[in-house]
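Read through the structure below, which is laid out as structure tokens, and then see the notes.
Naming convention: chains lettered A, B, ... in sequence-line order (proteins, then strands); numbering from 1 in each chain.
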Amino acid sequence: MAKISFFFGEAFRSLWRNYFMTIAAVVTVLLTMFVLGVVMVFVWNINAVLKDVEQKVEITVFLKDSATASDIETIQKEILGMPEVKDSQFVSKEQALERLKADLKEHQDILKDLPSNPLPASFEVSLKDPQQASLVAARFEGRSIVDEVRFGKEIAERIFRVTSVIRNVSLVFILLLGGVAVLLISNTIRLSIYARRREVEIMKLVGATNWFIRWPFVIEGLTVGLSGAILAVVMVVLGTNFVIDRIRENLLFLSVPFDALPLWQLGLVILGVGAAIGAIGSGLGLRRFLNV
Amino acid sequence: MIKFEDVTKIYPPDTIGLESVSLHIEKGEFVFLVGASGSGKSTFIRLLIKELEPDRGRITVGGRDLSTLRRWKVPYLRRNIGCVFQDFKLLPNKSVFDNVLYALQVTGNAGGASRRKVTEILGLVGLGHKTANYPDELSGGEQQRVSIARAFVNHPPLLIADEPTGNLDPDTSAGIMQLLYRINKTGTTVVMATHDREMVDRMRRRVIALEQGQVIRDQKRGGYGED
């Protein structure tokens, strides 16, 4: 217990006495973590848009007019029993016509002269994983009561190709940026340790064990990493809210679900990364000077 | 206390630090290590605290063979050896009091007893009134006294001083020597490297003279040069 308070005392005294180094290190963490945070917010939003687009890939199974009510019920049960299916909705011939009317609005009169309802009944099937559309669609092909299965095969596949490229690129970007953050921060820490290598040497000569010397440095690194990260989180959250408000005012039609932004998790990730880099960076950066 | 058996240390590529040095220093002795710069005095001392490893031979300190001493145990060896250096090696960010206290803190002692010990030893070296000062506010002689206080606060069986008076004027040096002499009187073995001719001649203690890494003279009550 006495040791722990000694280590914390040492750490904070040294942070205070080397305040210039402390500020430089905190600012470095702040800037790198801020950029990382902003990129993560962007990527998350892009991802949400992509998901939205992907969800629009639905399978529509058009039924022949000959299908009886019991046929429809059987196939309905079968569809809902498929593990890939999220939801399925039956659209009767009448409902299909109502929809068409609604879509046509003031031009409805062109439907007036129809002798009978030409629209087929259908199932609209949404999937848990839209990537499996062609697999599920294939199961309905060639059934006696099925007229046609449509899921916009080419469009769907093109969408998936594009979204997977965007996802991979943004993942690589985050990893690269994370790497840069680690390098920058550990370099700053190494500089501040280098400036104090003589102190470390003296401590060793007096008979301090490596961990006795290391703990205050680790606590220092943790403090620097954590304070930089906290500031970064505050900036990211405030910045994001500011930008979202502006977007809401000007681009009302945008369908991005901003409210679902996981700022909490994002903040925790930034805090964790910042603290870990600080503490581990200090511990490792010291290694070279401990071999006296 | 200290035993060197055929110890050789060579700095790569081929600079001789020590060459085939064998000697024995008894408990409670006061030994001067003399010789020109580069004669091997510092190598001798750095080998003693296992800052360096010998290329050949065996070093025993307080009955412990240093070659078999594991790396993680080196700090425990050093706690039993007080070290005083020419450049004092004080922690610049700590007060005089905290510098001395640090030597006790590394052993896990930071309580009231330790603080009393520090106050006591600082009084002993004549710095009782400057405990709150920082090293850069002290004169050279005062800094060296702090470093001696730090080296001795644990009451180690062995105290090593590498040119402790090298940066000090003669009067101040005499004060430092007095201090080391008194420490020796308490039973602590003192090994002091120096090239302060006058001092060695006056003290008349055991003198080990080194030249190019070899012991060229080992005299019970010697002077700096040959008698």
Side-chain angles (χ1 to χ4, degrees), chain A residues 1-25 189 191-221 223-224 282-292, chain B residues 45-46 48-53 70-85 87-95 98-115 134-136 143 146-154 156 158-162:
Chain A
M1 213 47 222
K3 248 186 184 173
I4 292 172
S5 72
F6 169 75
F7 290 146
F8 273 92
E10 288 288 285
F12 288 117
R13 203 169 10 247
S14 136
L15 283 172
W16 179 248
R17 285 192 72 97
N18 304 303
Y19 66 91
F20 190 77
M21 276 292 190
T22 306
I23 293 171
I189 290 170
L191 269 178
S192 88
I193 292 177
Y194 185 77
R196 289 159 61 192
R197 67 194 181 287
R198 235 181 77 86
E199 272 179 63
V200 173
E201 184 201 324
I202 294 170
M203 291 167 177
K204 291 230 62 168
L205 286 175
V206 179
T209 57
N210 284 351
W211 275 106
F212 195 84
I213 298 171
R214 201 179 269 136
W215 272 119
F217 277 94
V218 170
I219 295 169
E220 266 182 61
T223 311
V224 166
S282 297
L284 291 183
L286 203 57
R287 212 172 32 174
R288 268 189 54 208
F289 305 109
L290 282 175
N291 293 324
V292 177
Chain B
I45 283 171
R46 293 174 70 193
L48 267 184
I49 56 176
K50 210 171 154 81
E51 207 184 317
L52 293 176
E53 304 280 349
R70 306 288 289 274
R71 266 219 90 73
W72 66 270
K73 278 193 166 171
V74 171
Y76 303 92
L77 166 77
R78 292 185 183 161
R79 289 173 199 176
N80 285 309
I81 304 178
C83 283
V84 179
F85 297 93
D87 57 352
F88 321 131
K89 294 204 192 295
L90 298 174
L91 294 167
N93 291 341
K94 287 183 181 293
S95 69
D98 287 340
N99 258 287
V100 178
L101 185 63
Y102 192 80
L104 293 170
Q105 283 165 331
V106 300
T107 67
N109 295 309
S114 299
R115 306 186 78 84
Y134 284 85
D136 59 4
Q143 289 190 52
V146 177
S147 114
I148 290 174
R150 181 183 62 189
F152 193 59
V153 70
N154 274 325
L158 173 61
L159 192 132
I160 301 174
D162 190 0

Problem set entry | Exercise: do A:Ser14 and A:Glu220 side chains pair donor with acceptor under 3.5 Å |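 Side-chain D/A pair, A:Ser14 to A:Glu220: present.
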Show me the donor-acceptor pairs, under 3.5 Å and distance only, between side chains in residues 101-112 of chain B and residues at least two apart or in other chains.
| residue | atom | partner | partner atom | Å |
| --- | --- | --- | --- | --- |
| B:Thr107 | OG1 | B:Leu104 | O | 2.6 |
| B:Thr107 | OG1 | B:Asn109 | ND2 | 3.0 |

In terms of heavy-atom proximity below 4.5 Å to chain A, should [X] be classed as side chain, backbone, both, or neither?
X	result
B:Lys73	neither
B:Arg150	side chain
B:Leu90	backbone

Exercise. Using 4.0 Å as the upper bound for N to carboxylate O, is an ion pair formed by A:Glu201 and A:Arg198?
Worked result: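 Salt bridge absent between A:Arg198 and A:Glu201.
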Exercise. Between A:Arg196 and chain B, which part of the residue has a heavy atom less than 4.5 Å away: side chain, backbone, both or neither?
Worked result: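 Neither part.
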Exercise. A:Thr209: what forms a side chain to side chain contact (heavy atoms under 4.5 Å, CB included) with it, not counting sequence neighbours?
Worked result: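 For A:Thr209, the residues satisfying side chain to side chain contact (heavy atoms under 4.5 Å, CB included) (neighbours in sequence not counted) are A:Phe212, B:Pro75, B:Tyr76, B:Arg79.
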